[in-house]
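Only heavy atoms go into these numbers, but all of them, side chains included; no hydrogens, no water, no symmetry mates. When a ligand or atom number is given, it counts from 1 through the structure's own listing order. When a residue number appears, it is its place in the shown sequence, counting from 1.
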Amino acid sequence: MAIDLERRGSIAVVTMNRPEALNAFNNEQLRVLAETFDEIGNDGSIRCVILTGAGERAFAAGADIKEMKDLDGAGGLTFGRLGHRATRSVEELPQPVIAAVNGFALGGGCELALASDIRLASENAVFAQPEVTLGIPPGWGGTQRLTRLVGPGLASELILSGRRVKADEALRIGLVNSVWPLDQLMGEATKLAEVIAANSPLAVRSAKQLVRLAFNGQTIDGLDSEARAFGEAFTMADQKEGMTAFVEKRAAVFADPA
Ligand code: HXC
């Protein structure tokens, strides 16, 4: 996948561009995403960022299951940590990030949206943390950020069931700020980015950090535990079964734990 970076005046648009796989991420693409955000962070002429997906079907369908399927415990831990590096490069960017969620935002895709400061969605957007259906827990911050955003009861339901949430429900539960017809989504995200970009960049940066401070609390400790649990999942049979079943296009059959 390419990570496209386009400048529109003081606004940067970052597009996850691999529509044939619904913008699913492998190792290399995650690294490039993190580097792109690092580059933006060093460019004072960029005042606001819009993160979106190429095509009309997906923001991002998460981590590339076909690549992730054969990871071992050490590989899972490394991949999880790289996912944290990428999501933290979004969250800790000095400039605000608006996620323009234009379709599926699943697993790591949902987690990238959660790491953004503001989420706008298209009417066809679908959110989920479906990791448990693949034999792993969420691994790029979903256990921490979704819980803080929508509360522990709802987050538990969504994370433990893997249930999909459509745009109207996402709006109702506070997962997104507003919902737009797909063809208006980028226009609306741009309008909001322009309002933000016209404000004092120093005050905006400071306010972003302060909101994060209120939001994050103990998130960093939680993220560390999440990364360990994610790596450990790759030493277990459920991960092999869950991901092999996805690739073979069949339902996974998970054995009872010993
Ligand atoms: C690899 C993926 C993919 C993924 C879709 N594709 N999601 N490939 N990894 N995450 C590929 C499909 O294999 C297919 O390619 C093509 O994209 C189109 O997808 P289809 O399944 O044919 O489309 P559709 O039937 O419309 O279903 C769309 C979908 C489904 C509901 C989004 O693709 C799906 O459930 N994808 C998996 C989503 C998911 O579970 N994401 C979480 C991943 S775990 P081919 O070549 O086969 O036709 C994760 C963990 C993060 O993100 C933490 C990691 C550290």
Side-chain angles (χ1 to χ4, degrees), residues 1 16-31 33-34 53-91 99 101-115 121-122 124-146 158-167 222-236 238-252 254:
M1 166 165 64
M16 302 172 277
N17 189 354
R18 190 192 175 198
E20 68 283 4
L22 303 181
N23 306 324
F25 271 90
N26 68 19
N27 230 19
E28 173 62 13
Q29 293 146 0
L30 258 186
R31 194 182 52 73
L33 183 80
E56 300 197 335
R57 293 203 59 217
F59 177 71
D64 187 325
I65 302 168
K66 292 169 190 172
E67 188 179 285
M68 197 170 40
K69 177 176 153 302
D70 296 319
L71 293 179
D72 59 11
L77 183 62
T78 303
F79 193 45
R81 293 236 189 259
L82 184 60
H84 280 175
R85 153 126 169 73
T87 45
R88 288 183 69 177
S89 75
V90 173
E91 183 170 61
V101 181
N102 57 316
F104 288 113
L106 306 180
C110 187
E111 290 166 309
L112 278 165
L114 289 167
S122 58
N124 66 328
V126 177
F127 297 81
Q129 296 293 158
E131 284 88 345
V132 293
T133 70
L134 296 165
I136 55 173
W140 297 353
T143 61
Q144 307 303 301
R145 296 190 183 100
L146 185 62
L158 297 178
I159 290 171
L160 303 182
S161 69
R163 177 168 79 76
R164 292 185 192 160
V165 169
K166 292 185 179 162
L223 287 176
D224 195 56
S225 303
E226 186 190 76
R228 285 173 208 282
F230 186 83
E232 215 173 285
F234 284 82
T235 66
M236 296 176 188
D238 280 7
Q239 174 271 327
K240 302 285 174 252
E241 167 59 10
M243 295 191 186
T244 301
F246 174 81
V247 171
E248 293 175 357
K249 300 185 190 286
R250 61 172 174 83
F254 297 116

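- One finds the CG atom of Leu158 at 6.0 Å from the CG atom of Leu146 (value rounded to the nearest 0.5 Å).
- At a heavy-atom cutoff of 4.0 Å, ligand 1 is contacted by both the backbone and the side chain of Ala63.
- Side-chain contact check for Glu56 versus Asn124: every heavy-atom pair is 4.5 Å or farther apart.
- For atom 16 (C) of ligand 1, the closest non-hydrogen atom of the protein is Glu20 O, 3.5 Å.
- For ligand 1 and Leu134, the ligand atoms under 4.0 Å from any heavy atom of the residue are 40 (O), 43 (C), 44 (S).
- For the pair Gly62 and ligand 1, the shortest N or O to N or O distance does not fall below 3.5 Å.
- Listed by number with element, the atoms of ligand 1 under 4.0 angstrom from any heavy atom of Glu131 are 49 (C), 50 (C), 51 (C).
- Remark: Leu112 CG to Arg145 CZ distance equals 9.0 Å, nearest 0.5 Å.
- Counting protein heavy atoms only, atom 11 (C) of ligand 1 is closest to Ala21 CA, 4.0 Å.
- Side-chain N/O atoms of Thr87 and Glu111 include no donor and acceptor closer than 3.5 Å.
- Distance alone, capped at 3.5 Å, places no donor-acceptor pair between the Arg164 side chain and the Ala128 backbone.
- Within the listing of ligand 1, atoms 47 (O) sit less than 4.0 angstrom from a heavy atom of Lys249.
- At a distance under 4.0 Å, no protein heavy atom can be found next to atom 21 (O) of ligand 1.
- Contacts between Met243 and ligand 1, counted as non-hydrogen atom pairs separated by less than 4.0 Å, are absent for every part of the residue.
- At a heavy-atom distance under 4.0 Å, only side-chain atoms of Arg164, from C-beta outward, approach ligand 1.
- The backbone N or O of Ile136 lies less than 3.5 Å from no partner atom in the side chain of Gln239, so there is not a single donor-acceptor pair.
- Listed for the Asp64 side chain is no donor-acceptor partner under 3.5 Å among the backbone atoms of Phe25.
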**OP:** Apply side chain to side chain contact (heavy atoms under 4.5 Å, CB included) to the pair Leu114 and Gln129, showing each step before the final yes or no.
**Re:** CA-CA 11 Å; Leu114 289 167; Gln129 296 293 158; 3.9 Å; yes

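- Using a 4.0 Å cut-off to heavy atoms of Gly107, the atoms of ligand 1 that qualify are 42 (C), 52 (O).
- Atom numbering of ligand 1 starts at 1 in the shown order; those under 4.0 Å from a heavy atom of Asp64 are 1 (C), 9 (N).
- For the pair Ser89/Leu33, no side-chain contact is recorded, criterion being any heavy-atom separation below 4.5 Å from C-beta on.
- Taking every heavy atom of Leu106 and a limit of under 4.0 angstrom, the matching atoms of ligand 1 come to 32 (C), 38 (C), 41 (N).
- Phe234 is listed as a side-chain neighbour of Met243, based on a closest heavy-atom distance under 4.5 Å.
- Heavy atoms of Phe25 found under 4.0 angstrom from ligand 1: none, in either backbone or side chain.
- Looking at Trp140 next to ligand 1, no N or O pair under 3.5 Å apart turns up.
- In terms of modelled atom types and a separation under 3.5 Å, the side chain of Asn27 and the main chain of Phe79 share no donor-acceptor contact.
- No more than 12 heavy atoms of other residues, nucleotides or ligands shown are found within 6.0 angstrom of CZ on Arg228.
- Of all protein heavy atoms, the one closest to atom 7 (N) of ligand 1 is Ala61 CB, 3.5 Å.
- Among all protein heavy atoms, the one lying closest to atom 24 (P) of ligand 1 is Arg57 NH2, 3.8 Å.
- In this structure, atom 36 (N) of ligand 1 lies nearest to the protein heavy atom Phe246 CE1, 3.6 Å.
- Remark: side-chain polar atoms of Glu241 are not paired, donor with acceptor, to backbone N or O of Gly135 under 3.5 angstrom.
- Atom 26 (O) of ligand 1 lies below 4.0 Å from at least one non-hydrogen atom of the protein.
- Separation of atoms CZ (Arg85) and CG (Leu30) is listed at 10.0 Å; rounding is to 0.5 Å.
- Taking every heavy atom of Glu111 and a limit of under 4.0 angstrom, the matching atoms of ligand 1 come to 51 (C).
- Of the protein's non-hydrogen atoms, the one nearest atom 45 (P) of ligand 1 is Lys66 NZ, 3.5 Å.
- Residue contacts with ligand 1: Pro130 is included, with a non-hydrogen atom under 4.0 Å away.
- In this structure, the separation between CD on Glu131 and CD1 on Ile65 is 9.0 Å, given to the nearest 0.5 Å.
- The shortest N or O to N or O distance between Gly108 and ligand 1 is under 3.5 Å.
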**OP:** Walk me through it: do Arg31 and Glu28 pass the test salt bridge (Lys or Arg N to Asp or Glu O under 4.0 Å)?
**Re:** CA-CA 5 Å; Arg31 194 182 52 73; Glu28 173 62 13; 2.5 Å; yes

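- Taking every heavy atom of Gly80 and a limit of under 4.0 angstrom, the matching atoms of ligand 1 come to 55 (C).
- The closest protein non-hydrogen atom to atom 9 (N) of ligand 1 is Ile65 N, 2.9 Å.
- Here the protein heavy atom with the shortest distance to atom 19 (O) of ligand 1 is Leu22 CD1, 3.7 Å.
- Of the protein's heavy atoms, at least one falls inside 4.0 Å of atom 13 (O) of ligand 1.
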